[in-house]
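Per chain, numbering begins at 1; letters A, B, ... match sequence-line order.
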Amino acid sequence: MTDKEMEQRIKKAADAKPIKTTAKDILLAYEKKKQKKKVKPWYLRQGFLGTTISFALVGLVVGFGLSIFLDRGVTPGGSNSIQPTFSLPPSSPILAPKNNAILNQASYELLAGIEAAKGMGEAIGVASKNIVLRPRQSDDSKDFSSVREAVKAFDTYRPMVFALEAASQSNSYYTPIESTDASFPFAISIDSDFILYYKDAFEETEEEETEQRISAKLVREKDNASFDIEIVKEVEREQDEVEIELTTTLYLSKNDTFTISHSKESEDGEEETVYSLIQTQNGEEVSKLEFNLEREDSTIEKTFSIEKAPGLSTSYHYEISDMKIESPSSFTLLIDETKVQFDGDAYYSNGTKIYP
Amino acid sequence: MSTDELLFCLKELKKGNMDAFGSFYEQTKRTTFFGAYAILKDQARAEDVMQEVYIKFLEMLKEIDESRSVVVLLATMARNQALNVYEKEKRHFELKEEDASLPSEDNHVDSGFFELMKELLDDEEYEIVILHVIDEMKHREIASLLSLPLGTVTWKYNSAIQKLKKGFQDQQ
């Protein structure tokens, strides 16, 4: 059974599963819920006069009760005096007014994003429409043409400046932000109040869009309130770019060599490229792994992971992803002293050439 | 229904035209249902969650961002709601000191298939397979949803498919 056949089997089982709930059921339930919300609480159903009288009565009762309660504890020289305590609800840190007018805009925009996202159970796309971070010219007049360039600059500890731009406003505001904490993968302090953390180095390129997105987290130091945001940069897609991530696990030891070969097969009229990764030792084939690379538009997806070989004294662990291979086929990859042999050129997706 | 048609339905719903809900529901119900089923592994509970998700969806129509995939949104909402239900019920069953596994009322035609999937795969693999094969989410979207690296998702998916292939072959 091929992988595709297995997937078809799963889909068939899913299609066979009847879902009893109909659209009508849902609309009925939705209407019921709406009606419930419209029902006024009892104290508002009586009209203005009735409402006023109701509130006045409630106030009298509460006031009377309180006065008795308070009087009980007040005895000259007594030790059981009870002091009433009234605590105000803690003010929401999100709504706390900010001195910085620009961040006022930012924090309210973020709030709007979060409130809208609350119904989703988690903040999905929070603030990505409201807050956009773009690299701008730094103090030493270095122009960062991409976020990736800015990241590289950060790695060499040069100061970096990002502008916090209220994207939904007609006038744009800029707040200089300087990098502070180099120990966290990526941290930028914004007006000493927010810190921007890059959640991970995950880059995503949408197939139909020309945007580069990096997930990040904006954290307010004093109360740890945090918001997920995206850093967006438009990029130009290279037309013949092929990204290959290979999925398999290989046990690797020093001086092992691998070769990769490919062939084309036709299945149901669709052309597939089949790759074989062959491990050799002393010229003999030790193991062989085959995998298919299926094209999804212009992207081929698989992930290549080399795990620690059990029982071997020398072993290597690398995870290779987003490996870009210039067409058409094989290349040579050097990992420490272990050679994974392909023919051609190989690059990491950040442009660094792997080999030669 | 294409993405454009789905978007058209969404726009109609936002205008208050509830007649568009029927088509919208038919095209998205499977994704939403299986988003919950992947966690709860129970037909009835998954349908309850699905209903709650759609009601919430209708309540927040105005705030929905049309540039985002509504299918992914629904699957995410279903997942989160299912997780809430699962946690609540798990605590309830733990307090009762009964068997920790939630009772299943899954009696449908091909429940044997999903039962076998449950046996062969761990929770994460099960969910990833359902999200990719049935909900047709891309690995990147699943990685983002589950807060896992892309490589892990792809690796787990392939590992799960191999397990299923072997499991079904052994069964035959």
Side-chain angles (χ1 to χ4, degrees), chain A residues 1-3 5-27 29-34 112-113 115-122 124-125 128-129 199-200 202 204-207 215 245 247-249 291 296 299 301-305 319-322, chain B residues 18 21-26 29-30 33-34 37 43 47-48 50-51 54-60 63-65 67-68 72-73 76-77 79-81 83-84 108-111 113-114 117 129-130 132-134 138-140 143-144 149-155 157-158 161-162 164-165 168-169:
Chain A
M1 189 190 279
T2 64
D3 288 4
E5 283 169 352
M6 189 69 240
E7 287 174 358
Q8 288 306 320
R9 182 82 181 81
I10 297 169
K11 278 191 177 152
K12 198 175 159 192
D15 287 340
K17 212 170 207 6
I19 297 173
K20 288 183 193 162
T21 308
T22 62
K24 197 175 169 187
D25 295 334
I26 291 175
L27 285 173
Y30 172 61
E31 287 302 322
K32 253 192 204 162
K33 198 174 176 191
K34 261 177 36 179
E115 288 297 326
K118 257 187 189 169
M120 304 179 194
E122 63 176 6
I124 299 168
S128 62
K129 279 299 187 182
K199 245 173 21 176
D200 51 45
F202 181 63
E204 189 176 23
T205 307
E206 299 291 336
E207 284 183 2
S215 297
E245 301 171 29
T247 34
T248 187
T249 303
F291 38 88
E296 288 177 5
T299 305
E301 285 191 29
K302 285 262 183 186
T303 305
F304 187 51
S305 162
E319 194 168 318
I320 303 170
S321 59
D322 287 331
Chain B
M18 286 298 156
F21 184 71
S23 305
F24 180 83
Y25 174 72
E26 285 306 314
K29 68 180 182 184
R30 206 151 282 286
F33 170 79
F34 278 101
Y37 188 81
Q43 175 89 17
E47 289 211 38
D48 285 344
M50 183 182 71
Q51 181 161 299
Y54 276 109
I55 291 174
K56 240 184 231 181
F57 179 84
L58 290 171
E59 284 175 342
M60 51 176 268
E63 288 118 4
I64 295 199
D65 181 354
S67 66
R68 296 239 160 197
V72 170
L73 170 62
T76 307
M77 287 171 73
R79 179 177 192 267
N80 290 330
Q81 188 63 16
L83 281 170
N84 290 339
H108 290 279
V109 169
D110 217 2
S111 61
F113 182 93
F114 287 101
M117 270 182 68
V129 166
I130 293 217
H132 184 65
V133 178
I134 301 172
K138 295 188 181 121
H139 287 149
R140 286 196 178 96
S144 178
L150 174 62
T152 303
V153 169
T154 321
W155 187 82
Y157 174 76
N158 282 288
I161 292 291
Q162 301 315 315
L164 289 173
K165 275 161 62 176
F168 280 97
Q169 273 159 9

Under the criterion side-chain contact (heavy atoms from CB on, under 4.5 Å), which of A:Met6, A:Glu7, A:Arg9, A:Gln8 is the partner of B:Val133?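 Per the side-chain contact (heavy atoms from CB on, under 4.5 Å) rule, the option paired with B:Val133 is A:Glu7, out of A:Met6, A:Glu7, A:Arg9, A:Gln8.
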
Between [X] and [Y], what is the shortest heavy-atom contact and its length?
X       : Y       : result
A:Lys17 : B:Arg30 : O-NH1, 3.4 Å
A:Ala23 : B:Gly22 : CB-CA, 3.9 Å
B:Glu47 : A:Lys20 : OE2-N, 2.9 Å

In terms of heavy-atom pairs under 4.5 Å, which option from B:Phe33, B:Phe21, B:Tyr54 contacts chain A the most? B:Phe21

Engaged part of [X] at the chain A interface, taking heavy atoms whose separation is under 4.5 Å:
X        : result
B:Leu164 : both
B:Gln162 : side chain
B:Phe57  : neither
B:Val153 : neither

Considering only heavy atoms from C-beta outward, does the side chain of A:Lys12 approach that of B:Phe113 to under 4.5 Å? no

Do A:Thr21 and B:Tyr25 come within less than 4.5 Å of each other through their side chains, counting heavy atoms only?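 Yes, close enough: below the 4.5 Å cut-off.
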
Would you compute the distance between atom [atom1] of [X] and atom [atom2] of [Y] and round it to the nearest 0.5 angstrom?
X       : Y        : atom1 : atom2 : result
B:Lys29 : A:Thr22  : NZ    : OG1   : 8.5 Å
A:Asp3  : B:Asn158 : CG    : CG    : 6.5 Å
A:Ile26 : B:Phe24  : CD1   : CZ    : 10.0 Å

Taking A:Tyr30's backbone N and O only, do any of them form a donor-acceptor pair with B:Glu59's side chain (distance below 3.5 Å, no angle check)? no

